[in-house]
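Working notes for the structure below.
Here is how names work: the chains are called A, B, and so on, in the same order as the sequence lines, proteins then strands, and each is numbered from 1. Any value given below was found using the heavy atoms of this structure, including those in side chains, with hydrogens, waters and symmetry copies removed.
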Amino acid sequence: MPELPEVEIIVRGLRGPLVGRTFTGVTVRWPNSVKTPVPELQATLPGQTIEQITRRAKYLWFHLSGGDSLFLHLKMSGDLLVLPVTEPDDPHVRTIFDLDNDHQLRFKDTRKFGRVYLVRNPNAVIGRLGPEPLADDFLPADFAALFARRRGRLKPLLLNQKFIAGIGNIYADESCFAAGLDPRRTADTLSADDLGRLYHAIRQALTAGIVHKGASLDSVYRGGEFQNHFRVYGRTGQPCLRCGAEIQRVVLGGRSTHFCSTCQR
DNA sequence: CTAAAATCCTGGTGGC
DNA sequence: TGCCACCAGGATTTTA
């Protein structure tokens, strides 16, 4: 569930407690989540200091003093806790990173979809991602250019991280509503005007998500309250806040898709 | 190229 | 009350 805005908020919150700290050990309780061989992770990570934490798409990116990159992806139910070693254990903690100040970074992840990568070359993890929609140099013309020669449906394209990075189910639906576009439209039917509206809708939806400190959903409370501002996501059968028609739900690309068939064409 | 389906997972929910 | 089928979904992989 955490999408670009939620990950951005989490990254901002982790910088204070973690930048400058040095890893002293790693405990892996669910090896399937670690995409680097565990012995290699345990041999390479300790001793490296966290120089900076950034975000790329929905990945948290720890820049390490040894030149390596630690990437964490929270997927559906992941959460990160920085706690003193004396803090009681939690059965849903899958990986524990020991720090040099008697604290631990605990990767809690009920559904076990989250992933951990330690790599020398960051492109091994993030090399095939599409553009960052909130980047200063990502312009309407860049967005429109993505649609050239594409013929897929709009919603699955927005969820495709190779097409554009960081958008998930919530912000895809909210962006299509704000742009007045039916998520079932195919890319080659969108006019220049449609693409202009969609560009601004995506940027505004993601920015609003960050301003509201993300959405708290999926029983993972993150402090945000953007969930109180959804206009279509999760509102199946309820009246459209703009026209009053019932919000529809269809499945596109295997994902629940919520929209107003009156306002979105 | 597009797209649908399967995969990985558990907790919550709705039906009976 | 208890049991079970089913749903949620990010990203990848498989199949058409």
For the pair made of [atom1] in [X] and [atom2] in [N], what is the distance, rounded to whole Å?
X	N	atom1	atom2	result
N169(A)	dC7(C)	CG	P	16 Å
H92(A)	dT10(B)	NE2	C1'	7 Å
K162(A)	dC1(B)	NZ	P	12 Å
E3(A)	dA11(C)	CD	C1'	13 Å
R255(A)	dA4(B)	CZ	P	13 Å
L4(A)	dG9(C)	CG	P	18 Å
K108(A)	dT10(B)	NZ	C1'	13 Å

Can you tell which of [options] lies closest to the side chain of [X]?
X	options	result
Y233(A)	dA8(C), dT2(B), dT10(B)	dA8(C)
K112(A)	dG10(C), dT10(B), dA4(B)	dT10(B)
R153(A)	dA4(B), dG10(C), dC9(B)	dA4(B)
M76(A)	dA4(B), dG9(C), dC9(B)	dG9(C)
R150(A)	dT10(B), dT2(B), dG9(C)	dT2(B)

Just to be sure I understand the rule, does [X] reach a base, reach only the sugar-phosphate, or reach nothing, if contact means heavy atoms closer than 4.0 Å?
X	result
R151(A)	sugar-phosphate
R184(A)	nothing
K35(A)	nothing
N160(A)	nothing
G254(A)	nothing

State whether the distance check finds a donor on one side and an acceptor on the other, under 3.5 Å, for side chain R111(A) versus base dG11(B).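 By the distance-only test, no, there is no pair.
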For atom CZ of R15(A), decide whether the heavy atoms of other residues, nucleotides or ligands shown that lie under 6.0 angstrom number more than 12.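 Yes, enclosed.
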Does a side-chain N or O of [X] approach OP1 or OP2 of [N] to a distance below 4.0 Å, or not?
X	N	result
K75(A)	dA11(C)	no
W30(A)	dC9(B)	yes
N32(A)	dC9(B)	yes

Is the shortest distance from a Lys or Arg side-chain nitrogen in R94(A) or D109(A) to a carboxylate oxygen in the other one below 4.0 Å?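 Judged by the 4.0 Å cut-off on N to carboxylate O distance, R94(A) and D109(A) do not form a salt bridge.
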Carboxylate-amine/guanidinium proximity below 4.0 Å for D194(A) and R197(A):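 Result for this pair is yes, salt bridge flagged.
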Stacking between dG10(C) and F113(A), yes or no? Criterion: centroid separation under 5.5 angstrom, plane angle under 30 degrees.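 The ring of F113(A) is stacked on dG10(C).
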Determine whether the aromatic ring centres of residues Y233(A) and F226(A) are separated by less than 6.0 angstrom.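 That pair fails the under 6.0 Å test.
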Tell me which one of E3(A), E6(A), E132(A) satisfies salt bridge (charged side-chain N to carboxylate O under 4.0 Å, His left out) with R55(A).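 In the set E3(A), E6(A), E132(A), the residue that makes a salt bridge (charged side-chain N to carboxylate O under 4.0 Å, His left out) with R55(A) is E132(A).
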Before giving the answer on side-chain hydrogen bond (donor to acceptor under 3.5 Å, both in side chains), spell out for D188(A) and T186(A) the whole-Å C-alpha distance, their side-chain angles and the decisive distance to 0.1 Å. CA-CA 6 Å; D188(A) 56 356; T186(A) 49; 3.0 Å; yes
